[in-house]
Protein chains: 2
Amino acid sequence: MTNDNKPGGRPRDETSAPAIKAAARRLVTEKGYENVSISEIVRVAGVARQTLYRRWSSKADLVLEAFFETAGEPPTLSGNAGLTARSVLEKFLADVFDSLAREGDAISSLIACAQSDPEFCETFKEKFVFPREQMVRQILNKACSERELPPSADIDTVTAMIHGAFWYRLLTNQPLDRPFAAALVSSVFPTRPT
Amino acid sequence: MTNDNKPGGRPRDETSAPAIKAAARRLVTEKGYENVSISEIVRVAGVARQTLYRRWSSKADLVLEAFFETAGEPPTLSGNAGLTARSVLEKFLADVFDSLAREGDAISSLIACAQSDPEFCETFKEKFVFPREQMVRQILNKACSERELPPSADIDTVTAMIHGAFWYRLLTNQPLDRPFAAALVSSVFPTRPT
DNA sequence: TAAATTAGTGGACTATAGTCTATTATTGTG
DNA sequence: CACAATAATAGACTATAGTCCACTAATTTA
């Protein structure tokens with residue numbers, strides 16, 4: 001972050017970060033995370049590698065921000081008035097799976113990077129994992145309060161099972177689609193609403 | 001694999017593979033997958049790197065075999081006569097979580113490696129993922145046939161949720177312990193047996 | 001015994017993420 | 001204008017996984 005307090009110093013070129021993120025997003029979408037090098041990203045962005053590493057601590061850190069700072073923000077829960085929690089959850093999961101069609105490779109690579117980089121793991125959890133986990137928790141809390149689930153339901157465990165199921169499918173290259181969203185929801189809410 | 005049909009050729013040194021696997025297992029257990037280099041493994045094993053790469057196509061391939069060829073074979077379902085499927089599943093998960101205390105770092109690293117190496121991903125699924133998935137499926141099938149679960153239960157989805165939940169916890173560095181095994185089982189079998 | 005074949009050795013080599021360096025550029029301050 | 005501070009450039013450099021190479025060793029066959 002530029003030093004706004006101290007005198008002097010060359011100001012950051014404010015076109016650099018957007019250019020780097022745009023290059024990263026485009027190249028990773030086209031070729032896959034593993035097939036894109038830092039050298040290629042900086043060449044396409046027209047900057048030096050040090051310029052990139054001054055802003056992000058790793059390739060994964062950059063790609064996380066490139067994909068999820070704006071374009072990949074989690075779907076909101078708005079527009080769900082009158083819907084059951086079950087329907088909201090199904091729609092939420094279907095939306096997540098739709099976006100995984102574009103971003104699945106980046107996400108599975110970021111999960112992988114988090115295993116070898118503790119610092120990135122914390123960032124990834126804060127910026128990606130926990131916000132999405134929280135949304136599912138909200139939906140399940142509403143389900144309990146409206147008796148779609150028993151009040152005694154173990155929200156944390158069910159949340160881990162829902163997220164875990166799609167991480168498992170993503171990481172083992174199995175399909176993530178609307179039928180699977182429906183199947184997950186049916187396993188969580190065994191009795192269908194009438 | 002040694003060529004048993006064609007004439008000639010230097011026979012493989014049969015002490016090499018066990019030595020390499022023992023070195024890999026010890027070093028990865030002590031220091032963690034990422035902190036162990038191929039150079040270190042071959043130095044400890046007393047072989048050349050080409051000797052290793054003649055037997056395994058990658059570091060991950062070696063570590064998978066080192067950990068799960070023998071010592072890490074999935075727990076069996078034997079000795080469960082008279083137990084409910086629910087109890088069998090809880091015991092199975094508790095055993096898995098016990099072994100993850102020792103092998104969790106290796107497994108999360110192997111899951112990570114599978115994301116960037118399609119060939120290894122197939123090997124990992126065949127040798128590690130599917131056998132364990134099958135065991136859970138067996139337990140759940142028995143649960144259905146003995147009415148501990150509804151016969152209409154979606155076995156594949158529940159299996160993905162169970163595995164997924166512990167992968168999720170493993171990959172996000174959250175605890176995997178007996179209380180979590182119990183919580184998973186309680187979420188799958190909501191009504192407690194009397 | 002020579003030839004063919006395969007393994008083992010001890011590296012050198014390549015590709016990449018990430019780090020470091022010397023130089024130039026851009027600001028604010030006295 | 002000189003100085004201090006920070007950024008950008010254009011690489012060189014380090015560490016590691018994985019590949020390649022020249023040489024030696026161990027076998028079988030004719």
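The chains referred to below are lettered A, B, ... by the order of the sequence lines, with proteins before strands, and numbering in each begins at 1. Basis for what follows: all heavy atoms, side chains included, without hydrogens, waters or symmetry-related copies.
- Nearest nucleotide to the A:Arg12 side chain, out of C:dG18, D:dA8, C:dT9: D:dA8.
- Rounded to whole angstrom, the span from the CG atom of B:Leu52 across to the C1' atom of C:dG10 amounts to 15 Å.
- Across C:dT9, D:dA10, C:dT26, the shortest atom-to-atom separation from the side chain of B:Val47 is found for C:dT9.
- Evaluation of the salt bridge (charged side-chain N to carboxylate O under 4.0 Å, His left out) rule for B:Glu122 yields B:Lys125 as partners, not counting sequence neighbours.
- OP1 or OP2 of C:dG8 has at least one side-chain nitrogen or oxygen of B:Arg54 nearer than 4.0 Å.
- In this structure, B:Val36 reaches the sugar-phosphate backbone alone: every heavy-atom distance under 4.0 Å involves primed, P, OP1 or OP2 atoms, never a base.
- The OH-C1' distance, from B:Tyr33 to D:dT16, rounds to 12 Å in whole Å.
- Of the candidate nucleotides C:dG8, C:dA25, D:dT27, D:dT27 has the atom lying nearest to any side-chain atom of B:Pro11.
- Counting non-hydrogen atoms under 4.0 angstrom, A:Arg55 reaches the backbone sugars and phosphates but no base.
- For B:Ser37, the listed nucleotide lying nearest its side chain is D:dT16; candidates were D:dT16, C:dG8, C:dG18.
- Atom-to-atom, CD of A:Glu14 to C1' of D:dA8 comes out at 15 Å; the value is rounded to the nearest Å.
- Atom CD of B:Glu34 and atom P of D:dA17 are 9 Å apart (whole Å).
- In this structure, A:Phe120 places its CZ atom 14 Å from P of C:dA17, rounding to the nearest Å.
- One can place CD1 of A:Ile38 at 17 Å from C1' of D:dT9, the figure rounded to the nearest angstrom.
- Taking the centre and axis of the six-membered ring of B:Tyr168, the NZ or CZ atom of A:Arg132 falls outside the cone set by 45° and 6.0 Å.
- Stacking of A:Arg178 on the aromatic ring of A:Phe97 is not recorded, the 6.0 Å distance cut-off and the 45° axial limit not both being met.
- In this structure, A:Lys59 satisfies the cation-pi test against A:Tyr33, with its NZ or CZ atom closer than 6.0 Å to the six-membered ring centre and inside 45 degrees of the ring normal.
- For B:Arg10, whose side chain is taken as the heavy atoms from C-beta onward, the closest listed nucleotide among D:dA25, D:dA7, D:dG18 is D:dA25.
- To the nearest angstrom, P of D:dA17 lies 14 Å from CG of B:Asp117.
- In B:Glu119, the CD atom is not crowded: 12 or fewer heavy atoms of neighbouring residues, nucleotides or ligands sit closer than 6.0 Å.
- With rounding to whole Å, B:Glu40 atom CD is found 9 Å from D:dT16 atom P.
- Mapped onto DNA chain D by nearest heavy atom, A:Gln50 and B:Lys59 fall at different nucleotides, with A:Gln50 at the one closer to the 5' end.
- The side chain of A:Thr51 places no N or O atom within less than 4.0 Å of a non-bridging phosphate oxygen (OP1 or OP2) of D:dA7.
- When the nucleotides D:dA26, D:dA17, C:dT19 are ranked by their closest atom to the side chain of A:Tyr53, C:dT19 comes out on top.
- No N or O donor and acceptor, one from the side chain of A:Arg49 and one from the base of D:dT9, sit under 3.5 Å apart.
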